[in-house]
Structure formats: C-alpha cells, structure tokens
Amino acid sequence: MKTGTCRCDNRIFFNNHRCLSCDASLGRCNVCNSLTSFSKEEKSSQCDTCKTEVFSCVNQEHDVCQSYNAEPDALCRWCQLTNVIPPLDNSESVQRWARMESAKRRLLLQLEDLGLPPYVADTQMTHPLLFEFLENTVDKKGKPKKVITGHQNGLITINLAEADSVHRERLRVKLGEPQRTLIGHMRHEVGHYIDWAWASRVAPDEYHALFGDPDSVDYGEAMKKHYEVGAPANWADNHVSAYATMHPWEDFAETVNVYLDIMAIATTSNELAGRNLDLSASADHRELVNSVLQIVLEVSEYNFDLGLAPLLPERLPPAVLDKLAYVHDLRSKVAPEIAEQTAVAN
Ligand SMILES: [Zn+2]
Ligand SMILES: [Zn+2]
Ligand SMILES: [Zn+2]
Ligand SMILES: [Zn+2]
C-alpha cells in the first residue's frame, strides 16, 4: 500500500490514525487524494498537503473512517459505497464494521490505482458497486437467518461475522483454505463484480477460452459437486486454488484475488523497498509476477521463521499465469459502447 507523509516528515502508513512523533491527526484528504496530517479546528480541519479547509467524513463519528471531504456533513467517496451498516447500538458490531470499512478502503484504493472497475470508463454509472455488511439474525419463529457472503449485480454482501478472527479461523480450517482474510474476501467478491461489470463485456471470447463458458455449467450443480466430491487431484496444474475448480465464475474471482494480492505486494515493495517495478497496464505482466514471486519466496521464509503461513504460493503454473495476464490486460480494454462511438466518429 502507498504511504503518505506527516507535517513532521514522518512516514504515514495506511493504518495510522495519529502521528507517533508529533501527535498530529492523520487521514485521507478527498481533495488532494493524499494520506496526510490535518490541523483540527473547531468545525473543520485544514489539510497539511493541499492547505484546503476540509470536513470530517460523517463516519469518523463512529471511528470507522479517517477521511476528510470538501463539503461538511458528507460521507467520503469510500463510505458512500456502503449501502447497509450494522446497528450502531452494539459496540462490538461497530468495531467489526470498522474492520470491514478498513479492508474495503484498502480494496477501493487499489482498484482506483490500477484503473479497474468501478474506476474505468463510466462503470460506476452503468454498473454501480455497492457493499452491505450484514449480521446473522433470528426470525420471529426463532429460526436462524444466515447471511451468505457473495456478489449479485454490483452488490457485495459480507457477513459481519467474518470480521471476527475466531469465526474466520474456524471456517478456514473447516473449508481447508490456506488463508481466509477480510481483504481476501473483498478481493474475491470484487472479482465477481469485475466479471459482471467488465470482463464479460470487454473480452468474453478470451474469458471463455481460459476460464470456460459460465453459462454452460449450472452453478447450483457445480457447487453441490464441489462440496461432495472436492476438487480434482491435479487442480494446482490449472487453478490458483481448489475452490477455483468449482465453476468458471469462481475461477475468475479467485484469479482476480491473486492478481490483486500480487499487485499489492508489488506496490508495497516499490514504496518501502525502493524497487522500481512497472505496475502500469502496459507493463510486462510475466516479468512483474516473477519479481513478486521472488519477494514471496523471501517473505514467506520470514513467516516460516515465526511459524506463520506463506505469503502466497511460491510457484504459479503456466495456465494460471495466462489467466493472470488476462486480468492484467482488462485494465487496458475499452468499453464496447465507447469503442462503437469512436468507430462511428472516425
Ligand atoms: Zn507527525
Ligand atoms: Zn488535501
Ligand atoms: Zn468515510
Ligand atoms: Zn465466489
């Protein structure tokens, strides 16, 4: 993740709310788009980077956001994308919501940076992205109603319980997943969104060739089969995870998840280790993946020193590299309507 600079020249990291050196309030300015320090005044604040008078995002009141806007009494552009929040009278739910918003902000900043939907062409208008964070409930008859994490037509639903590390770990072991994290959930679900809002529109033929035709496989049947029989023994030859074998949609979402993981590691490495990896849409993606896999090898070794899990798989088969290259190339595609308009104009 990209870092910022405090007025005292201290480096600011994504999770910092207050400068450890000069005690300044830290946050994200929606006017100049920087992670920076702020001078707090009675009703407003001043951004130390662009010197503009700015106002706290309404959600600062609940400690779930650290952003500042040009207008008073408004939600920042990241908080605006949350449709449903948990009840505010339960402090534990609010804390879980804060963890969700933090992971969501990390995701959205990365999508903005990479120029992926909804931050490409007019996707946020034609295919809006929204989030809802819901809790399991019990109906009037005492029957439990479980929230299923998933994506449908631009709406990403995440069960708030996923922000509880004990719940997450239990499911991680039960479902045999190497990692189960909030940012991982966000990256997987946004993969379904990118599929719906962009991939299936701008490059359907290559999609079918690499992932298969989603319409030719009944999703319900595929899911049933996956949980009964499991993934084929040789799944790692062609897929990033066992779950990806279930259905073309899941294969695509899992691939997007790993693509965003790789780009996040590359961004942090450029930022903190002084590397100069080309992260642009025109970059040679295979070269970039190889450089990141070298970093993965090294950092995983540190993790093993402390008994932690590897950062990512250390090797990716050629079939997976082709799928990752497809996701990378989506960044330079043009929406079909725009391509048509340009053709008419010419
Ligand atoms: Zn400072
Ligand atoms: Zn600013
Ligand atoms: Zn906000
Ligand atoms: Zn999925």
Side-chain angles (χ1 to χ4, degrees), residues 1-91 93-113 118-119 124 128-134 154-158 160 162-163 182-183 185-187 189-190 193 271-272:
M1 179 52 84
K2 286 187 177 159
T3 58
T5 312
C6 181
R7 66 166 80 115
C8 71
D9 271 345
N10 234 23
R11 187 166 233 167
I12 308 173
F13 295 94
F14 178 81
N15 286 331
N16 295 155
H17 302 166
R18 192 157 279 283
C19 177
L20 294 175
S21 164
C22 75
D23 205 37
S25 294
L26 306 175
R28 209 164 276 279
C29 175
N30 250 316
V31 177
C32 66
N33 280 326
S34 49
L35 181 57
T36 178
S37 48
F38 294 84
S39 308
K40 288 257 184 195
E41 280 143 38
E42 206 178 315
K43 290 202 171 119
S44 61
S45 301
Q46 197 191 45
C47 168
D48 283 341
T49 301
C50 65
K51 309 290 178 202
T52 310
E53 183 189 27
V54 286
F55 302 87
S56 306
C57 165
V58 170
N59 279 346
Q60 281 205 26
E61 189 189 328
H62 310 294
D63 264 346
V64 303
C65 182
Q66 278 76 46
S67 303
Y68 293 81
N69 303 315
E71 313 81 33
D73 307 317
L75 287 171
C76 70
R77 68 177 193 269
W78 301 289
C79 288
Q80 277 171 20
L81 298 195
T82 303
N83 214 11
V84 182
I85 60 166
L88 296 172
D89 53 6
N90 180 335
S91 64
S93 301
V94 173
Q95 279 171 22
R96 289 179 183 181
W97 173 36
R99 278 178 231 138
M100 288 286 180
E101 288 295 343
S102 174
K104 190 193 88 184
R105 215 157 37 242
R106 193 181 278 274
L107 171 79
L108 294 177
L109 282 163
Q110 185 181 26
L111 298 176
E112 275 182 31
D113 228 24
Y119 306 106
Q124 187 59 297
L129 172 66
L130 277 175
F131 292 78
E132 58 179 9
F133 303 127
L134 300 177
L155 179 65
I156 291 179
T157 302
I158 303 197
L160 204 67
E162 288 294 333
L182 274 191
I183 186 69
H185 277 307
M186 300 272 176
R187 288 186 176 139
E189 296 309 333
V190 99
Y193 166 73
E271 196 73 7
L272 300 183

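One-based numbering, in listed order, for ligands and for the atoms of each. Nothing fancy with the numbering, it's 1 onward along the sequence. Computed from a predicted model, the values in this text were never measured in an experiment.
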Taking the Zn ion (ligand 3) as the apex, Cys79 SG and Cys65 SG span an angle, rounded to 10°, of 110°

Taken to the nearest 0.5 Å, the spacing of Arg7 CZ from Thr49 OG1 works out to 10.0 Å

Under a 3.5 Å cutoff, is there a donor and acceptor pairing between the side chains of Arg77 and Asn33? yes

Taking the Zn ion (ligand 1) as the apex, SG on Cys19 and SG on Cys22 give an angle, to 10°, of 110°

Rounded to 10°, the SG/Cys47 to the Zn ion (ligand 2) to SG/Cys50 angle comes out at 100°

At the Zn ion (ligand 2), SG of Cys29 and SG of Cys32 open up to roughly (10° bins) 110°

Result for side chain to side chain contact (heavy atoms under 4.5 Å, CB included) between Leu81 and one of Glu101, Arg105, Gln124 points to Gln124

Item to check | Cation-pi geometry met for Arg28 and Tyr68 (6.0 Å, 45°) | outcome: no

